[in-house]
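Treat the numbers as computed from the prediction; the structure is a model and nothing was measured. A note on names: the letters A, B, ... follow the listed sequences, proteins ahead of strands, and every chain is numbered from 1.
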Amino acid sequence: MEQPGRMKSMARYNAKTTEAKWQAAWTAAMTFQAVENPDKPKYYVLEMFPYPSGRIHMGHVRNYAMGDVVARYKRARGFNVLHPMGWDAFGLPAENAALEKQIHPAKWTYENIANMRSQLQAMGLSLDWSREFATCDVEYYRQQQKLFLDLLKSDLAYRRESWVNWDPSENTVLANEQVIDGRGWRSGVAVERRQLSQWFFRITAFEDELLDALGDLDRWPDKVRLMQANWIGRSEGTRLRFAVKHNGAEIEVFTTRPDTIFGASFLALSPDHPQSAALAAENPEIAAFVAECRRQGTSEEAVEKAEKLGFDTGLRAQHPFLEGVELPVYIANFVLIGYGTGAIFGCPAHDQRDLDFARKYDLNVLPVVIPSGIDSTDFTVGTEAYTGPGRLENSEFLNGMSIDDAKGEIARRAEAGKFGTRETMYRLRDWGVSRQRYWGCPIPVVHCDDCGPVPVPEADLPITLPDDVTFDRPGNPLDRHPTWGATNCPACGKAARRETDTLDTFVDSSWYFARFCSPRAEQPLDRAAVDYWLPVDQYIGGVEHAILHLLYARFFTRAIKKSGHLGITEPFAGLFTQGMVCHETYRDESGNWLEPTEVNRNDAGQLVRMDNNAAITIGRSEKMSKSRKNVIDPEDIIERYGADTARWFMLSDSPPERDLEWTDSGIEGAWRFTGRIWRIIEEAAADLPPAGLAGPDHFSAPALALRRITHQAIAAVTDGIERFQFNVSVARLYELANALGSFKAGDGSGERWAQREAIETLVVMVGPMMPHLAEEAWQALGQTGLLADAPWPTLDAGLLVEDTVTIAVQLNGKVRDMLEIARDQPENEVREAALALDKVRAAVADKTVRRVIVVPNRIVNVVV
RNA sequence: GCCCCCUUGGCGGAACUGGCAGACGCACGGGACUUAAAAUCCCGAGACCGAAAGGUCGUCCCGGUUCGAGUCCGGGAGGGGGCACCA
């Protein structure tokens, strides 16, 4: 195969030198440095900042290619664009690297940043690098510590006990992903759940607001808004108190279905419920059962999927509405302590989990909601609970009511009898921000035996991480550092210990977008700068951040607004979530994954191992990942084809929100197109009229036709970018290039002029996607300024509409013929013209025309 | 388990608000250029029947609404995502 760099044809476009040339030109002219300018409309484009893993991957290329299209396009439309870049630089991988490679997390991180920065710079992104920072910069986390103190002041940060995954052999807290089948990923030892005193942010203070405001985020994907709404999980329900028969205790349950109370056949407590603990203390069997439950995973999924298990405590609770009816009290593994009251009443007929449980423990299943049209005596519940609509039966005073009325009636009676209240419950829990790790922002608090936790005075900030730490032993290096933790209480002066927890890295990413407005400010944020730039007009990133990062950032914005750091409520006015980059997977005969570079196509067209020509198995396409070895290194691609080609391929074909399939032929096609554009320009440039010349009054037919195509392309490409359909914009650019490729300019009036117009339009509109090639072409066309500063082409709407239209003529809904007719003809004329067509006459023949539907300029449907 | 999304030629996909399905690209076939190849350029192409003209079928499956459905509604199948310490 021919090497791209050694093409012998007339196209001498050299991506490597050209890209470097224009990158240097943009830097020299400080083209992308953003300066506040109240006279210009601002536009803040932001891609989710990367974790500095050391190398960019194709997901980054796709993300930043999209963001750059928006940034450069908005610049061309006259906006003052802010497009910054930084590093989400704290987190676990640096500590893992420290452990594995004996390299300090800071050194590892900053080396990675340097490497990735140069990789990103090779992409030719229109970034303002003067605003760059990393969240592990002392200056950044110093400002973050101030924000933490403000959260403490406004009572949005607090401390309480909470459950964690504890690895007893490594003496460390594990992330969920570090727990595999209930065991620590490194130690292989069974993980325990343990309570630890930890810091929390009171996100629940904004739960209603965070939910309700989703409705106004109309430039967010519905999917993300729905995921956040489900996450917050507001539900209206009733809290009911049940009296326990023999010990006089009470059990409070929360239910969203109080209407089904007469179908209740048991109560169930979470294993983590205080009463379960009390019972366990007296009964070793219960203690064993609770311990068993704690070995099951903590995620909602694990809890819901596990076999429903219960333990009959022997306690009996009085039914609140049925004298003499007692319900057994179980401890059950499917009741979550974190939601509601940690106790439920079970109505098996109308809840699947309760039904599964009831079948297992042979409890009564009494239907109390009957679907309309079915007699209650005919209605039975087998293995599937009935959760649909209906009327109440078998329910005393509720009989005949709708579900909603019955819910209201129970709540009223419970409130009147003082054994229950209406209540709104949320699934959302406060945000636990404590991490027992080194590589994070130290929490600026001192623990004093007398005063308790005391905030560090602002003047004493930053609390910096000590450099002399080791990772040869498990556990938190801050905790076992010989001197770092020792200090004096800011309140009483007595000897005290520093907080050794660091902040969740989601805190770092909850305000970085605001810091970009004034990255060197002495305070966390400069009000004038954030008031000018915020909110982010277009945020772009992976859908994997749909819930946590975006919800935390929305919370944090509200939290720091309370302290006056900024004035906005919602940080991201527009959000776009891109799809992943995928590639086929390859395995050899023994099932080992193979990299694409280890695989070759043989003469028979089959993929084989490059080293020994052995057959391989091609697996389905999956997200590029190191574990499956199906990765393509962007650096190799940029080295071989150039950044423009890589960017163009990322934007072609696949809709941005969907997954993109990486193929060799796809990148080859993109690369061919760069050559094609360059040829079009080289062949035409010499014969074009000078730049900036006014057009003639009259255009020949071919010139006019080309102008129509040009302006139709302007409309379509612009629309595609505005609607985040870059693949459609790309297709329209191909069409324009195709039209130019076959256009032969003759002596007809305005033909050369129309050709220049079309070529310049192509170049300007290709600019946001392939900026280097476009700059080079712009120069070749005799332009003196930078294309990056050139305006977007102006649409002449008069050239969009043709004089005649082709109307499809249908008979009973099936297309039978076409009708060429002047556009915007009166309806009756179109109808007559259609009926006069031979095919229509033949088909109608002796039948009566019952109806003729005319859609102007589109379609005629003759119904016989 | 619960919640959500997706499904259109050999492939990626296009189709504004219910109005000509398959734009554009990839792969493929034929041709031009070339000693030859590569590159480039031109032409072809949803499937089936047909020499052709033309016809029939066709947007995962089944049903519905409508003059008209890829698009709206109901049911189903297959694939994917999220579910609280990965970032």
Side-chain angles (χ1 to χ4, degrees), chain A residues 1-2 6-11 48 50-51 53 88 90-93 164-165 173-179 198 222-223 226-227 229-231 233 298-306 308 334 338 352-353 356 427-429 431-437 504-506 508-509 542-549 551 580 620 649 652-655 658-661 663-666 668-670 672-673 675-676 679 716 719 723 725 727-735 737-738 741-742 806-815 817-818 850-853 855-864:
Chain A
M1 192 188 66
E2 174 106 12
R6 288 196 275 117
M7 214 171 123
K8 278 182 231 146
S9 84
M10 60 175 295
M48 291 180 184
Y51 180 81
S53 59
D88 188 13
F90 274 136
L92 212 43
V164 294
N165 299 311
V173 176
L174 297 181
N176 276 347
E177 72 155 12
Q178 296 172 321
V179 181
Q198 308 209 70
D222 290 341
K223 175 180 157 179
L226 183 68
M227 282 165 84
N230 289 341
W231 187 261
T298 56
S299 75
E300 202 165 305
E301 183 195 8
V303 169
E304 295 262 337
K305 265 187 165 165
K308 308 284 176 286
F334 64 94
Q352 193 59 46
R353 290 165 303 186
D356 295 344
R427 186 177 165 276
L428 183 69
R429 306 200 296 264
W431 172 15
V433 293
S434 279
R435 296 291 181 272
Q436 294 69 36
R437 312 197 192 288
D504 180 5
T505 57
F506 274 125
D508 311 340
S509 55
V543 71
E544 65 272 21
H545 293 292
I547 302 175
L548 293 185
H549 161 56
L551 190 64
M580 301 180 297
R620 61 150 210 232
F649 176 52
S652 328
D653 293 354
S654 292
R658 259 196 247 176
D659 289 351
L660 177 144
E661 170 74 13
T663 57
D664 291 344
S665 52
E668 289 282 338
R672 274 201 299 274
F673 186 63
R676 182 117 179 278
R679 267 194 306 282
D719 186 57
R723 303 197 313 157
Q725 290 187 302
N727 56 322
V728 179
S729 293
V730 164
R732 301 300 164 237
L733 288 167
Y734 270 117
E735 282 178 340
N738 289 345
S742 50
T806 310
I807 293 178
V809 180
Q810 299 181 329
L811 271 161
N812 293 335
K814 291 191 177 182
V815 179
D817 207 353
M818 292 296 174
R850 293 200 300 187
R851 209 171 151 187
V852 180
I853 285 125
V855 180
N857 299 325
R858 286 219 132 124
I859 211 164
V860 176
N861 189 10
V862 179
V863 185
V864 293

Integer-rounded Å distance: A87(B) P and Met48(A) CE: 15 Å
Residue closer to the 5' end of RNA chain B, Ala670(A) versus Pro93(A) (nearest nucleotide): Ala670(A)
Donor-acceptor contact present, side-chain Asn861(A) to main-chain Ile853(A), <3.5 Å: no
Backbone N/O of Trp231(A) and side chain of Arg427(A): donor-acceptor pair under 3.5 Å: yes
From Ser509(A) atom OG to Phe90(A) atom CZ, the distance as rounded to the nearest 0.5 Å: 12.5 Å
Residue Tyr51(A), side-chain heavy atoms: nucleotide from C26(B), A87(B), C67(B) that is nearest: A87(B)
Out of A84(B), C85(B), C67(B), whichever nucleotide has its closest atom nearest the side chain of Trp231(A): A84(B)
Touch class at under 4.0 angstrom, heavy-atom based, for Ser652(A) against every strand present: nothing
Ring geometry between Phe673(A) and Tyr734(A) (parallel below 30°, tilted from 30 to 60°, perpendicular above 60°): tilted
Integer angstrom distance from the C1' of C28(B) to that of G75(B): 40 Å
Value in whole Å for how far the P atom of G81(B) lies from CG of Leu226(A): 18 Å
Separation of atom CG in Leu551(A) from atom P in C83(B), rounded to whole Å: 13 Å
C1' atoms of G25(B) and C20(B), separation to the nearest Å: 22 Å
Euclidean distance, atom OH of residue Tyr734(A) to atom C1' of A23(B) [Å, nearest integer]: 14 Å
Euclidean distance for P, C61(B) against G54(B) (whole angstrom): 29 Å
Rounded P spacing from G79(B) to C86(B) in Å: 28 Å
Euclidean distance for P, C57(B) against C62(B) (whole angstrom): 15 Å
Distance-only donor-acceptor test, Glu661(A) side-chain atoms vs C26(B) base atoms, 3.5 Å: no
Check: Arg676(A) and Asn738(A) side chains under 4.5 Å, non-hydrogen atoms: yes
Syn or anti for G9(B) (syn when the glycosidic angle lies within 90° of 0): syn
Point-to-point distance, once rounded to the nearest 0.5 Å, from CZ of Arg437(A) to CG of Leu92(A): 4.5 Å
Residue-phosphate contact under 4.0 Å: Arg672(A) side-chain N/O, A27(B) OP1/OP2: yes
Partner nucleotide, any strand, of C72(B) [Watson-Crick/G-U, under 3.5 Å]: G64(B)
d(CG, Asp222(A); C1', G82(B)) in whole Å: 16 Å
Sugar-phosphate only, base, or nothing, as touched by Leu428(A) at under 4.0 Å among non-hydrogen atoms: base
Proximity to the side chain of His545(A) - top-ranked nucleotide from A87(B), A84(B), C26(B): A87(B)
Between C3(B) and G10(B) - C1' atom distance, rounded Å: 36 Å
Separation of the P atoms in G12(B) and G74(B), to the nearest angstrom: 28 Å
A53(B) - base-pair partner by Watson-Crick or wobble geometry, distances under 3.5 Å: none
N or O in side chain of Asn727(A) less than 4.0 angstrom from A14(B) OP1/OP2: yes
Chi angles and distances behind the side-chain hydrogen bond (donor to acceptor under 3.5 Å, both in side chains) call for Arg658(A), Asn727(A): CA-CA 11 Å; Arg658(A) 259 196 247 176; Asn727(A) 56 322; over 6 Å; no
Presence of Arg353(A) side-chain N/O under 4.0 Å of G1(B) phosphate oxygens OP1/OP2: no
Nearest-angstrom distance from the residue atom CG of Asp653(A) to P of A23(B): 13 Å
Glu668(A) CD - C28(B) P separation (whole Å): 12 Å
Asn230(A) side, atom CG; Leu428(A) side, atom CG - distance, nearest 0.5 Å: 12.5 Å
5' precedence on RNA chain B between Met227(A) and Gly432(A) (nearest-nucleotide basis): Met227(A)
Sugar-phosphate only, base, or nothing, as touched by Asn738(A) at under 4.0 Å among non-hydrogen atoms: sugar-phosphate
Test item: Asn812(A) side-chain N/O and Val864(A) main-chain N/O as donor-acceptor pair under 3.5 Å: yes
Nearest-nucleotide pick for Arg658(A), side chain only, options being C57(B), U7(B), U40(B): U7(B)
Watson-Crick or G-U wobble partner of G44(B), both distances under 3.5 Å: C28(B)
Touch class at under 4.0 angstrom, heavy-atom based, for Phe673(A) against every strand present: nothing
Lys814(A) side-chain N/O to C57(B) phosphate OP1/OP2 under 4.0 Å: yes
From A84(B), C3(B), G25(B), nucleotide with atom closest to Asn230(A) side chain: C3(B)
Spacing between Asp356(A) atom CG and C2(B) atom C1', to the nearest angstrom: 12 Å
Pair partner, G22(B) [Watson-Crick or wobble, under 3.5 Å]: none
Sugar-phosphate only, base, or nothing, as touched by Glu735(A) at under 4.0 Å among non-hydrogen atoms: sugar-phosphate
B/S/- contact track for nucleotides 15-20 of chain B, protein heavy atom under 4.0 Å: SB--BB
Side chain of Leu92(A) - closest among A87(B), C85(B), C6(B): A87(B)
Reported CD-to-CD distance for the pair Gln436(A) and Gln198(A), which is rounded to 0.5 angstrom: 5.0 Å
Pairing partner of C83(B) (Watson-Crick or G-U wobble, both distances under 3.5 Å): G1(B)
Watson-Crick or G-U wobble partner of A37(B), both distances under 3.5 Å: none
Sugar-phosphate, base or nothing in reach of Pro655(A), heavy atoms under 4.0 Å: sugar-phosphate
Span that lies between the P atom of C83(B) and that of C26(B), in whole angstrom: 38 Å
Watson-Crick or G-U wobble mate for U7(B), both contacts under 3.5 Å: A77(B)
Side-chain (Thr505(A)) to main-chain (Asp508(A)) donor-acceptor, under 3.5 angstrom: no
